[in-house]
Q: 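One structure, pasted below without further comment.
First the proteins, then the strands, lettered A, B, ... as listed; each starts at 1. Remember, predicted model here, so these are calculated numbers, not experimental data.
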Amino acid sequence: MDMDMDKAWRPQEVEQRMYREWEAAGLFTADPKSRRPKFSVVMPPPNVTGELHLGHATNDTVQDIYVRYKRLRGYEVLWLPGTDHAAIATQNVLEKRLAAEGRTKEQLGRAGFEKVVEEWYAQVGARIVDQLKRLGYIADWSRLRFTMDDAYVRAVREAFVRLYDDGLIYRGPRIVNWCPRCQSSISDLEVDWREHMDTLYYIRYDMADGDGALTVATVRPETMLADTGVAVNPDDERYRRFVGRMARLPIVGRELPVVADAYVKQDFGTGALKVTPGHDPNDYEIGQRHGLEILTCIDKAGNIVSDEWVPDELRTRDAPTARDRVVEMLRDREHLVRTEPYAHEVGHCDRCGEVIEPLIDEQWWCAMPELRDPAVKVVEDGRVEFVPRRYTKVYLDWMAGLRDWNVSRQLWLGHRIPIYYCDNAAGHDGAGVHAWASVDEPEACPVCGKVKTRQDPDVLDTWFSSALWPFATMGWPAPSEDLDAFFPTAMLGTAREIIFLWVARMIMTSLRFMGDIPFSTVLINAVIQDRHGQRMSKSKGNGVDPLEMIDKYGADAVRAWAAEVALRGQDVRFDEAKIEGYKNFANKIWNASRLVLGAAEGVVTRPAAELAAAGALTPFDRWILSRLDALIDEVTGALDGWDPGTAIEAIRRFAWDEFADWYLEAAKPAFHAEDAADPARVASSSVAVHVVRSLVVMLNPFTPFISEAVWQRLDAGGEPLIARRAESPWPVSLGLRDEGLETEMTVLFDAVKAVREAAGGLRSSRRQDLGMAVRRVAALPGQELLESDFGRAALARLAGVQPAESVDAAATVVVSGLEVRLSAPVAAGEGGGAGQTDRTGMERQLEQTKAKIVALEARLANDDFVAKARPEVVQQARDDLQTARDRLVILEEAFTSA
RNA sequence: GGUCGGCUAGCUCAGUUGGUUAGAGCGCUCGGUUCACAUCCGAGAGGUCAGGGGUUCAAGUCCCUUGCCGACCACCA
């Protein structure tokens with residue numbers, strides 16, 4: 001064994017070297033030909049817009065934990081990594097960078113911009129991969145994918161063409177969310193709603209026949225230029241006489257029909273609504289219902305354009321705004337009735353923050369019902385499960401209200417839409433134009449044979465390509481070994497804000513193209529917030545770089561923290577102290593291992609089960625093996641139940657509180673036996689090695705570096721734990737669980753603590769002079785061990801006092817029906833003696849015991865309790881009362897005699 | 001507006017089907033130079049479980065309600 005172990009575990013010096021060794025040994029590469037059961041995960045591709053933050057780290061760590069766990073349990077594992085081109089987001093980032101240099105993408109031109117993009121992808125993509133490696137992830141880098149890889153681009157085209165040919169993708173004019181800055185449409189999901197304080201304007205529309213007038217309320221008076229109707233509620237008595245007549249639009253003079261539509265709320269504003277189908281989604285729908293004309297008065301730059309009224313090209317948002325001009329004109333003509341302040345939500349582009357202009361535009365749409373229905377069913381049927389469970393409802397509710405998906409974007413960056421037109425006519429899919437979808441670059445028009453063709457200028461929504469991630473990364477649409485072996489995947493770890501943008505769409509496309517679910521479990525990670533409860537984000541500048549934490553505490557510590565918090569189901573405030581705690585824990589493991597390895601040096605260890613069967617073990621040995629069995633069950637159960645937080649906490653508690661603090665302390669005399677063949681040394685070091693071995697295997701998914709470092713020293717073969725493929729190294733319960741023994745040991749430990757406390761006022765050198773005698777005063781369960789010679793000796797040693805047959809009590813403690821007496825110190829004096837500290841301790845014991853008796857007596861005096869509670873609960877209360885009374889008797893006796 | 005989540009020790013959080021005296025880590029106080037570890041060891045203080053009401057022999061846990069905080073969804077101009 002390698003005894004060259006520093007006193008402290010220094011992750012910074014070791015982790016990167018270890019990782020490079022694993023990678024060089026090709027340990028992460030999945031084998032589709034393997035006969036082992038398969039476990040596969042696709043890594044959510046991070047956007048290539050910047051570095052990763054702690055949110056990614058927690059999410060990906062959970063995946064690595066499961067990938068490692070399954071691998072240790074004998075599965076052939078594929079964890080497929082990759083990155084996403086993130087069309088609109090990346091284009092925004094790059095445009096901002098260019099702007100900072102005083103340049104624009106237009107100056108560079110398409111080709112020049114593309115070069116900038118490629119450099120960016122190469123540079124940032126590499127940095128992201130480096131971060132992932134620093135975290136110790138055993139992703140299969142040989143299969144690294146990027147959504148702009150040639151093969152992936154082809155898969156995206158294939159998917160589009162199939163949907164188009166099946167009639168699910170169509171082009172048409174509809175009202176869209178237009179971002180005037182990005183110069184692109186965006187989907188409903190990419191609209192970020194923010195509260196604005198605006199003004200609500202009340203405007204009088206006179207009736208065309210001169211008989212009366214309607215007053216409408218609006219926050220966007222400038223859109224009145226494109227009004228094509230006025231709507232009122234059909235049940236509204238006030239306006240009944242106006243319905244079917246014509247109103248006259250102020251300023252412009254156009255006549256507008258007054259229609260009755262249930263959408264209109266009678267109690268909002270005046271109960272009359274100006275209808276602008278060209279610039280408001282709701283008005284658009286009202287217009288559709290009543291056959292209203294659609295007019296446009298705002299162009300794609302956000303400027304007012306109107307046939308009737310053309311102010312000098314004015315952006316609607318800049319001062320003096322078109323809105324102000326319109327209001328001014330209304331006021332001049334005495335059509336402005338009044339104004340009032342008004343708070344409401346306004347849509348912004350979630351990438352650049354610009355206010356969204358709803359307007360009518362030709363776009364590509366993906367019809368949802370046919371894709372949605374099967375995707376609803378697999379979740380309802382439980383074939384796809386969300387963890388935490390409550391997200392099932394979130395998913396289903398959203399799916400129920402799905403509208404067609406706008407999949408086209410007017411960007412420079414992204415997957416070009418694989419639609420081609422022959423040159424017979426201009427325009428899109430209109431009359432006389434041949435349009436078709438094609439995976440390959442077409443040589444000629446399939447209809448008329450014209451050779452000259454051109455491709456649609458639009459690109460696809462980023463999420464259209466991400467939607468194919470689970471299978472397009474494995475080679476789809478071509479058949480592949482990977483698809484056969486690793487699809488569908490087992491689980492998806494992701495963030496809750498992309499359940500709709502991404503998760504739902506993967507389920508839909510997967511069912512459509514693969515005929516199967518993409519994954520069976522969706523793990524929704526907690527959102528990582530800063531100390532003040534603000535979500536970490538790049539724009540807020542409150543993000544924490546995982547590398548900074550790794551540099552300070554090591555990747556193991558960051559990972560263990562992530563495991564603890566990621567799947568709690570609750571958002572977490574970042575608490576650096578927790579990471580530091582796990583760094584200390586890694587050090588604890590390191591040092592416990594040093595002790596155990598030192599003890600086992602030169603010892604021919606034997607299997608723990610064999611020693612147990614041979615009766616060669618002390619109660620301490622049997623106790624820790626019993627606890628280990630319990631731990632294995634707990635950790636395995638927690639991991640299988642998607643609760644890594646419970647698993648890592650259980651390991652930590654066992655390793656620190658039970659194994660290190662009690663077992664190793666108790667085993668030290670055996671460890672220190674000179675003779676390597678000493679039976680006690682052989683037994684205890686065999687048990688300790690067994691425990692350490694089990695621990696580091698269970699720790700491997702969480703803290704792989706410290707785990708492998710210790711494993712190397714346990715296993716001279718030098719093969720990394722994760723490379724163990726012949727048999728599963730995951731520990732199994734030895735069947736040595738003995739809860740009776742655990743109870744007895746608890747009594748012993750309580751006694752040790754009590755004696756330590758009673759002798760607490762003494763310096764340790766004095767404590768060694770104290771004599772200690774144990775006397776039985778009542779028979780209670782669990783005290784047998786403590787009464788035995790072994791128990792007395794163990795108690796004396798762990799408490800640091802001398803065993804004796806009997807002593808004159810200077811201090812007495814009571815534990816489970818046993819009275820433990822401590823003699824007066826040889827020279828009681830300065831600093832107080834045992835008697836002094838004992839009194840306060842005993843007073844506290846007395847108080848607590850009396851309180852407990854009172855409470856239990858009251859409980860048992862309640863007839864309802866005795867009659868209605870479950871019998872075992874009542875019996876328990878009776879037992880407890882008896883115990884407390886026995887204890888009180890002893891305590892009072894000791895107290896008066898002390 | 002709708003839906004969902006949260007409110008437990010100074011801080012960050014656990015708390016399974018209701019059942020002894022509600023836990024952990026960090027922080028705090030006191031005490032520790034023994035050969036695994038001061039990144040440590042031992043002991044301790046600290047909570048009317050957001051407020052109110054109800055169900056029950058018994059409520060942090062179940063129900064109602066109020067108040068904050070947060071997330072998501074949403075077509076009220």
Side-chain angles (χ1 to χ4, degrees), chain A residues 5 7-9 188 193 200-201 216-220 223 231 263-265 267-276 280-286 342 344-345 388 390-391 393-394 397-398 401 496-497 499-500 527 529 531 533 535 553 564-565 568-578 580-599 641 645-646 649 652-653 657 660-661 664-665 668 671-672 753 756-757 760-761 763-765 800 837 841 844 848 851-852 855-856 859 862-870 872-874 876-877 879-881 883-884:
Chain A
M5 294 173 82
K7 270 177 83 166
W9 168 244
D188 293 345
W193 294 91
L200 189 59
Y201 298 89
V216 301
T218 179
V219 286
R220 302 196 63 199
T223 63
Y263 167 78
V264 182
K265 300 272 191 298
D267 55 0
F268 186 91
T270 61
L273 170 70
K274 70 192 260 311
V275 183
T276 321
D280 184 284
N282 304 312
D283 292 8
Y284 179 81
E285 286 177 9
I286 294 173
Y342 182 61
H344 67 139
E345 301 263 289
R390 65 174 181 275
Y391 291 108
K393 179 172 153 52
V394 174
D397 286 352
W398 182 74
R496 91 162 77 93
E497 70 263 22
I499 291 176
F500 309 135
V527 171
Q529 305 170 334
R531 204 176 333 149
R535 172 198 205 96
Y553 307 109
E564 183 186 318
V565 304
R568 288 287 199 212
Q570 197 49 45
D571 293 348
V572 283
R573 293 189 190 204
F574 178 61
D575 184 6
E576 190 171 331
K578 285 206 170 182
E580 188 180 8
Y582 280 111
K583 176 196 167 201
N584 295 346
F585 175 59
N587 188 62
K588 189 73 183 177
I589 292 292
W590 180 248
N591 276 294
S593 306
R594 288 175 61 212
L595 174 64
V596 172
L597 287 164
T646 294
E649 285 183 337
R652 175 181 162 137
R653 187 174 3 91
D657 300 348
D661 287 349
L664 291 181
E665 290 305 324
K668 274 180 181 174
F671 287 169
H672 292 149
K753 288 184 212 166
R756 276 180 190 159
E757 189 189 349
R763 300 178 59 81
S764 60
S765 55
T837 52
R844 197 172 58 239
Q848 288 175 350
K852 186 167 179 177
L856 284 167
R859 228 171 145 198
N862 182 343
D863 293 340
D864 282 334
F865 171 69
V866 177
K868 296 180 184 174
R870 288 200 310 274
E872 64 267 29
V873 174
V874 178
Q876 182 68 53
D879 291 348
D880 290 348
L881 181 58
T883 306

Q: For A:Phe574 and B:C11, give me the distance from atom CZ to atom P, rounded to whole Å.
A: 19 Å
Q: Does B:A36 have its OP1 or OP2 closer than 4.0 Å to a side-chain nitrogen or oxygen of A:Lys668?
A: yes
Q: When we call it a touch if two heavy atoms are under 4.0 Å apart, what does A:Asp879 touch: a base, just sugar-phosphate, or nothing?
A: nothing
Q: Under 4.0 Å: is that the gap between some side-chain N or O of A:His672 and OP1 or OP2 of B:A36?
A: yes
Q: With a cut-off of less than 4.0 Å, is there a side-chain N or O of A:Lys393 near OP1 or OP2 of B:G2?
A: no
Q: Mind listing the closest non-hydrogen atom pair of A:Val264 and A:Ala231 along with its distance?
A: CG2-CB, 3.7 Å
Q: Between A:Ala217 and A:Gly269, what is the shortest heavy-atom contact and its length?
A: CB-CA, 4.2 Å
Q: Expressed in whole Å, how much space separates the P atoms belonging to B:G54 and B:A71?
A: 35 Å
Q: Tell me, for nucleotides 18-28 of chain B in 5' to 3' order, what letter each nucleotide earns: B for a base near a protein heavy atom under 4.0 Å, S for only sugar-phosphate near one, - for neither?
A: -BBB---BS--
Q: Just how far, in rounded Å, is C1' of B:C57 from CG of A:Asp863?
A: 10 Å
Q: Using both distances under 3.5 Å as the test, list the Watson-Crick or G-U wobble partner of B:C40, or none.
A: B:G32
Q: Between A:Asn591 (CG) and B:C37 (P), how many Å, whole number?
A: 6 Å
Q: Distance to the ring centre below 6.0 angstrom and angle to the axis at most 45 degrees; does that hold for A:Arg220 and A:Tyr201?
A: no
Q: For a quick test of reading the model, state the closest non-hydrogen atom pair linking A:Lys274 to A:Asp283 and the distance between them.
A: O-OD2, 3.3 Å
Q: Partner of B:U48 by Watson-Crick or G-U wobble geometry, both contacts under 3.5 Å, or none?
A: none
Q: Quick one: does A:Lys588 reach the base of B:C37 with a side-chain donor-acceptor pair under 3.5 Å?
A: yes
Q: Between B:U12 and B:U8, how far apart are the P atoms? Round to whole Å, please.
A: 9 Å
Q: Using the C1' atoms only, state how far B:C62 lies from B:U56, rounded to an integer number of Å.
A: 10 Å
Q: Looking only at N and O atoms, is any donor in the side chain of A:Glu665 or the base of B:A36 less than 3.5 Å from an acceptor on the other one?
A: yes
Q: What is the distance, to the nearest angstrom, from the CD atom on A:Gln529 to the C1' atom on B:G70?
A: 7 Å
Q: Taking CD from A:Gln570 and P from B:G5, how many angstroms apart are they, rounded to a whole number?
A: 10 Å
Q: Tell which nucleotide pairs with B:A58, taking only Watson-Crick or G-U wobble pairs whose two distances are both under 3.5 angstrom.
A: none
Q: Does the pair A:Asp880 and A:Gln876 meet the rule for a side-chain hydrogen bond (donor to acceptor under 3.5 Å, both in side chains), with working shown?
A: CA-CA 6 Å; A:Asp880 290 348; A:Gln876 182 68 53; 3.0 Å; yes
Q: Would you kindly give the CD-to-C1' distance between A:Glu564 and B:U12, to the nearest whole Å?
A: 9 Å
Q: Watson-Crick or G-U wobble partner for B:A24, using a 3.5 Å limit on both distances?
A: B:U12
Q: Can you tell me how far P in B:U66 sits from the matching atom in B:U3, rounded to whole Å?
A: 13 Å
Q: Quickly work out the A:Arg756 CZ to B:G42 C1' distance and round it to whole Å.
A: 6 Å
Q: What's the shortest heavy-atom distance between A:Trp9 and A:Trp590, and which atoms?
A: N-CD1, 3.4 Å
Q: B:C35 and B:C28: how far apart are their C1' atoms, nearest whole angstrom?
A: 32 Å
Q: Determine, for nucleotides 71-77 of chain B in 5'-to-3' order, which nucleotides have protein heavy atoms under 4.0 Å from the base (write B), from only the sugar-phosphate (write S), or from neither (write -).
A: SSSBBBB
Q: Which atoms form the tightest heavy-atom contact between A:Thr270 and A:Val216, and what is the distance?
A: OG1-CA, 3.8 Å
Q: Would a distance-only check, ignoring hydrogens and angles, find a side-chain to backbone donor-acceptor pair under 3.5 Å from A:Arg496 to A:Tyr391?
A: no
Q: In terms of the nearest nucleotide of RNA chain B, which residue is placed more toward the 5' end: A:Lys753 or A:Ala660?
A: A:Ala660
Q: Just how far, in rounded Å, is C1' of B:G15 from CZ of A:Arg653?
A: 12 Å
Q: Is there a donor in the side chain of A:Arg859 and an acceptor in the side chain of A:Asn862, or the other way round, less than 3.5 Å apart?
A: no
Q: Under the 3.5 angstrom rule, does the side chain of A:Asn591 hit a backbone N or O of A:Asn587 as a donor-acceptor pair?
A: yes
Q: Which atoms form the tightest heavy-atom contact between A:Ile286 and A:Leu273, and what is the distance?
A: CD1-CD2, 3.8 Å
Q: As a test of reading the structure: which of B:C41, B:C4, B:U39 is closest to the side chain of A:Arg390, going by heavy atoms?
A: B:C4
Q: Within 45° of the ring axis of A:Phe585 and under 6.0 Å from its six-membered ring centre, is that where the NZ or CZ of A:Lys583 lies?
A: no
Q: Quote, to the nearest angstrom, the C1' distance that separates B:A14 from B:A22.
A: 11 Å
Q: B:G27 and B:C11: how far apart are their P atoms, nearest whole angstrom?
A: 15 Å
Q: Using purine N1 to pyrimidine N3 plus N6-O4 or O6-N4 for Watson-Crick, or N1-O2 and O6-N3 for G-U wobble, both under 3.5 Å, which nucleotide pairs with B:G5?
A: B:C69
Q: Is the phosphate of B:U12, meaning OP1 or OP2, less than 4.0 Å from a side-chain N or O of A:Arg573?
A: yes
Q: Could you tell me how far B:G53 sits from B:U61 if I compare only their P atoms? Round to whole Å.
A: 14 Å
